[in-house]
Amino acid sequence: LFNQADLVWKTNTGPLAHTILFGVEAGFQKTENFRTPNNAAGTVNISAPTTFAPSPFLGVQNDNLVDLNLVGVYLQDQIEIGRYFQIIGGVRYDRFNLEFDDQRIGQPDFSRVDEVFSPRGGVVFKPIENASIYFNYSKSFLPQSGDQFNALTASFAALEPEVFENLEIGAKWNLSDRLELAGALYRLDRDNTRAVDPVTLLTVLTGSQRSKGVEVTLAGSLTDKWEIIAGYSYQDAEITATTTAAPAGRALALVPEHSFSLWSTYQVLPRWRVGAGVVHQGDRFATLSNAVTLPDFTRVDAAVYYALSDAIDLQVNVENLTNALYFPTAHNDNNITPGAPRNVR
């Protein structure tokens with residue numbers, strides 16, 4: 001159960017116009033985890049299967065309850081200074097309380113409370129009505145229990161939250177009423193990070209990381225019938241503090257330097273619309289070991305749309321139209337996941 005309430009107040013103080021945002025967020029999450037280990041023994045020949053009997057039940061692997069209680073309060077002021085400038089500043093306070101109750105006999109329980117302030121600020125300059133240049137700073141955090149908050153161990157309970165600090169400068173330009181071009185340079189620093197060790201497969205601290213790069217996007221309508229969304233990014237991501245998991249300078253896993261995507265649709269007839277697109281990612285390392293490289297790939301997708309009535313649309317999507325063999329991700333250096341072959345929805 002989560003609830004968020006916002007209050008927006010617009011007022012003036014002399015020549016300055018203020019848009020003040022005040023908000024409160026509260027939430028409660030209860031998770032139940034029950035898992036038994038893989039008790040099967042032996043192998044099965046799928047071309048000549050025989051009777052297969054698993055070994056006796058070995059007991060319960062996980063049986064726990066996790067309670068999450070959180071509350072956040074935030075305040076922000078967006079100040080307009082004349083027609084050309086805006087200044088944005090704000091801060092958020094979060095109290096994050098996680099309790100882990102192991103139901104197995106003789107197993108310890110853990111808890112962790114984090115209280116964190118997250119500031120943000122920015123400046124926007126509008127030299128002309130349809131264009132703006134901005135600078136933004138923000139800081140946020142993620143508890144070491146992960147993004148689903150469904151587990152806690154003795155190691156994680158002793159760790160400070162992962163901290164994200166982001167600097168970004170960019171511009172937006174409305175080429176027309178229906179088409180926007182945007183670009184940004186950014187630097188994201190992460191501290192107290194962790195990852196899976198490629199050798200031991202255990203979760204270890206990786207110290208700190210830095211990702212920096214550039215993003216460019218084009219989105220909107222080129223004509224009354226032709227819509228497009230395209231994006232390109234260059235990213236350089238590496239470890240910035242040596243730990244037992246990886247030395248400083250080693251590249252992060254699953255981060256391509258170059259990636260590109262394009263999707264476009266065209267209204268060929270009043271009721272018929274077609275779409276096509278391409279997704280490209282450069283090569284990237286499977287894990288922090290940097291010993292295995294996933295090759296670059298390009299995937300082509302397509303779609304057909306039909307308006308059956310004003311209230312009902314029919315749509316057929318084809319993913320991986322050329323049936324390319326590609327590998328989008330990996331769990332470790334010898335567990336590589338292939339992408340889906342051609343499929344229709």
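In what follows, residues are counted from 1 in the order of the sequence shown.
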ask   = Given the rule in the side-chain hydrogen bond (donor to acceptor under 3.5 Å, both in side chains) test, do Asp6 and Tyr74 qualify, once you have shown the distances and angles that lead to the verdict?
value = CA-CA 9 Å; Asp6 294 328; Tyr74 47 94; 2.4 Å; yes
inquiry  = side-chain contact (heavy atoms from CB on, under 4.5 Å) for Val304 and Trp272? Distances and angles first, verdict last.
reply    = CA-CA 7 Å; Val304 178; Trp272 288 93; 3.7 Å; yes
query = Rounded to the nearest 0.5 Å, what separation is found between the OG atom of Ser211 and the CG atom of Leu188?
reply = 5.5 Å
request  = Kindly say whether Asn69 contributes a backbone atom to a donor-acceptor pair with the side chain of Asn97 at under 3.5 angstrom?
outcome  = no
task = Using the six-membered ring wherever Trp is involved, compare the ring planes of Tyr266 and Trp226 and label them parallel, tilted or perpendicular (cut-offs 30° and 60°).
result = perpendicular
task = Quick one: closest heavy-atom pair of Ser140 and Ser118, and the distance?
result = CA-OG, 4.1 Å
request  = Give a yes or no on this: more than 12 heavy atoms of other residues, nucleotides or ligands lie within 6.0 Å of atom CG of Leu7.
outcome  = yes
ask   = Under the 6.0 Å and 45° cation-pi test, does Arg190 pair with Phe164?
value = no
ask   = Which one of Tyr186, Tyr137, Tyr134 satisfies the side chain to side chain donor-acceptor pair (under 3.5 Å) criterion with Glu168?
value = Tyr134
query = Is there a donor-acceptor pair closer than 3.5 Å between any side-chain N or O of Asn343 and the backbone N or O of Ala340?
reply = no
task = Dump the intermediate steps for side-chain contact (heavy atoms from CB on, under 4.5 Å) on Val66 and Leu98, then the final yes or no.
result = CA-CA 7 Å; Val66 184; Leu98 195 68; 3.6 Å; yes
Within-4.5 Å side-chain heavy-atom neighbours: Tyr305 and Asp313 = no
inquiry  = Does atom OH (Tyr93) have a neighbourhood of more than 12 heavy atoms from anything else shown, all under 6.0 Å?
reply    = yes
message = Using side-chain hydrogen bond (donor to acceptor under 3.5 Å, both in side chains), reason through Asp333 and Thr287 one step at a time and then give a plain yes or no.
response = CA-CA 6 Å; Asp333 283 344; Thr287 70; 2.8 Å; yes
Distance in Å, Asp109 CG paired with Asp101 CG, rounded so as to fall on 0.5 Å steps = 4.5 Å
Worked verdict on Leu218 versus Leu175 for side-chain contact (heavy atoms from CB on, under 4.5 Å) = CA-CA 10 Å; Leu218 178 68; Leu175 302 175; 4.0 Å; yes
request  = Taking the side chain as every heavy atom from C-beta outward, state whether Val73 and Phe22 have any atom pair closer than 4.5 Å.
outcome  = yes
task = Taking the side chain as every heavy atom from C-beta outward, state whether Glu319 and Arg299 have any pair of such atoms under 4.5 Å apart.
result = yes
request  = Answer yes if Val274 and Leu269 sit in the same cluster of Ile, Leu, Val, Met, Phe, Trp and Tyr residues linked by side chain heavy atoms under 4.5 Å apart, and no otherwise.
outcome  = yes
query = So if you build clusters from Ile, Leu, Val, Met, Phe, Trp, Tyr with side-chain heavy-atom gaps below 4.5 Å, do Leu75 and Ile88 land together?
reply = no
note = For residues 172-185, the side chain to side chain donor-acceptor pair (under 3.5 Å) pairs (sequence neighbours left out) are Arg178-Asp224
query = Could you walk me through whether Asn33 and Asn64 pass the side-chain hydrogen bond (donor to acceptor under 3.5 Å, both in side chains) check?
reply = CA-CA 5 Å; Asn33 298 307; Asn64 55 67; 2.8 Å; yes
query = Any sub-3.5 Å donor-acceptor pair from Asn332's side-chain atoms to Asn334's backbone N or O?
reply = yes
message = Around atom CZ of Arg83, are there more than 12 heavy atoms from other residues, nucleotides or ligands closer than 6.0 Å?
response = yes
List the atom pairs, donor and acceptor, that lie under 3.5 Å between side-chain atoms in residues 249-258 and the rest of the protein, sequence neighbours left out.
{"from": "Arg250", "atom 1": "NE", "to": "Leu288", "atom 2": "O", "distance (Å)": "3.4"}
{"from": "Arg250", "atom 1": "NH1", "to": "Leu288", "atom 2": "O", "distance (Å)": "3.2"}
{"from": "His258", "atom 1": "ND1", "to": "Tyr232", "atom 2": "OH", "distance (Å)": "2.7"}

message = Tell me the closest heavy-atom pair linking Leu308 and Arg271, and the distance in Å.
response = O-NH1, 3.3 Å
key: Thr19 and Asp77, any side-chain heavy atoms less than 4.5 Å apart   = no
query = Of all heavy-atom pairs between Pro341 and Asn323, which one has the smallest distance, and what is that distance?
reply = CB-OD1, 3.4 Å
ask   = Can you check whether Pro328 reaches Tyr326 side chain to side chain, under 4.5 Å on heavy atoms?
value = yes
query = Rounded to the nearest 0.5 Å, how far apart are CG of Asn290 and CD of Glu238?
reply = 10.5 Å
ask   = With no hydrogens and no angle check, do the side chains of Asp283 and Thr293 hold a donor and an acceptor under 3.5 Å apart?
value = no
inquiry  = Please determine whether side-chain hydrogen bond (donor to acceptor under 3.5 Å, both in side chains) holds for the pair His18 and Thr11, giving the CA-CA distance in whole Å, both sets of side-chain angles, and the decisive distance to 0.1 Å.
reply    = CA-CA 5 Å; His18 300 263; Thr11 185; over 6 Å; no
inquiry  = Could you check whether any side-chain heavy atom of Thr298 comes within less than 4.5 Å of a side-chain heavy atom of Val279, counting everything from C-beta outward?
reply    = no
ask   = Who passes ring-ring contact (aromatic ring centres under 6.0 Å, His included) against Phe327, sequence neighbours left out?
value = none
note = Heavy atoms of Asp102 and Pro108 approach each other most closely as CB-O, 3.6 Å
query = How far does CD of Glu165 sit from CZ of Phe141, to the nearest 0.5 angstrom?
reply = 15.0 Å
inquiry  = The test is side-chain contact (heavy atoms from CB on, under 4.5 Å); show your working for Arg112 and Glu160 and say whether it passes.
reply    = CA-CA 10 Å; Arg112 172 85 196 192; Glu160 294 293 324; 3.4 Å; yes
query = Does Glu227 have any side-chain hydrogen bond (donor to acceptor under 3.5 Å, both in side chains) partners at least two apart in sequence or in another chain, and if so, which?
reply = none
key: Between Arg120 and Gln76: side-chain donor-acceptor atoms closer than 3.5 Å   = yes
request  = Inspect the contact between Arg104 and Asp63 and indicate whether a charged nitrogen and a carboxylate oxygen are less than 4.0 angstrom apart.
outcome  = no
remark   = Taken in chain and number order and not counting sequence neighbours, the residues that satisfy ring-ring contact (aromatic ring centres under 6.0 Å, His included) with Phe28 are none
query = Which heavy-atom pair separates Asp301 from Asn320 by the least distance, and what is that distance?
reply = OD1-N, 2.9 Å
inquiry  = Please determine whether the number of non-hydrogen atoms from other residues, nucleotides or ligands lying under 6.0 Å from atom CD of Glu115 exceeds 12.
reply    = yes
message = Quick check on Ile229: does its CD1 atom have over 12 non-hydrogen neighbours (other residues, nucleotides or ligands) under 6.0 Å away?
response = no
message = Contact between Arg92 and Asp94 at the side-chain level, heavy atoms closer than 4.5 Å - yes or no?
response = yes
note = So CD of Glu99 and CG of Leu65: to nearest 0.5 Å the spacing works out to 11.0 Å
task = Can you measure from CD (Glu25) to CG (Leu70) and round to the nearest 0.5 angstrom?
result = 6.0 Å
request  = Find out whether Phe260 and Val278 are in side-chain contact, i.e. whether some heavy atom of one side chain is under 4.5 Å from a heavy atom of the other.
outcome  = yes
query = Where is the tightest heavy-atom contact between Pro295 and Arg284, given as atom of each residue plus distance?
reply = O-NH1, 3.1 Å
ask   = Can any side-chain N or O of Ser233 pair as donor or acceptor with the backbone N or O of Val214 at less than 3.5 Å?
value = no
task = Mind checking side-chain hydrogen bond (donor to acceptor under 3.5 Å, both in side chains) for Glu80 and listing every partner two or more places apart, or none if nothing turns up?
result = none
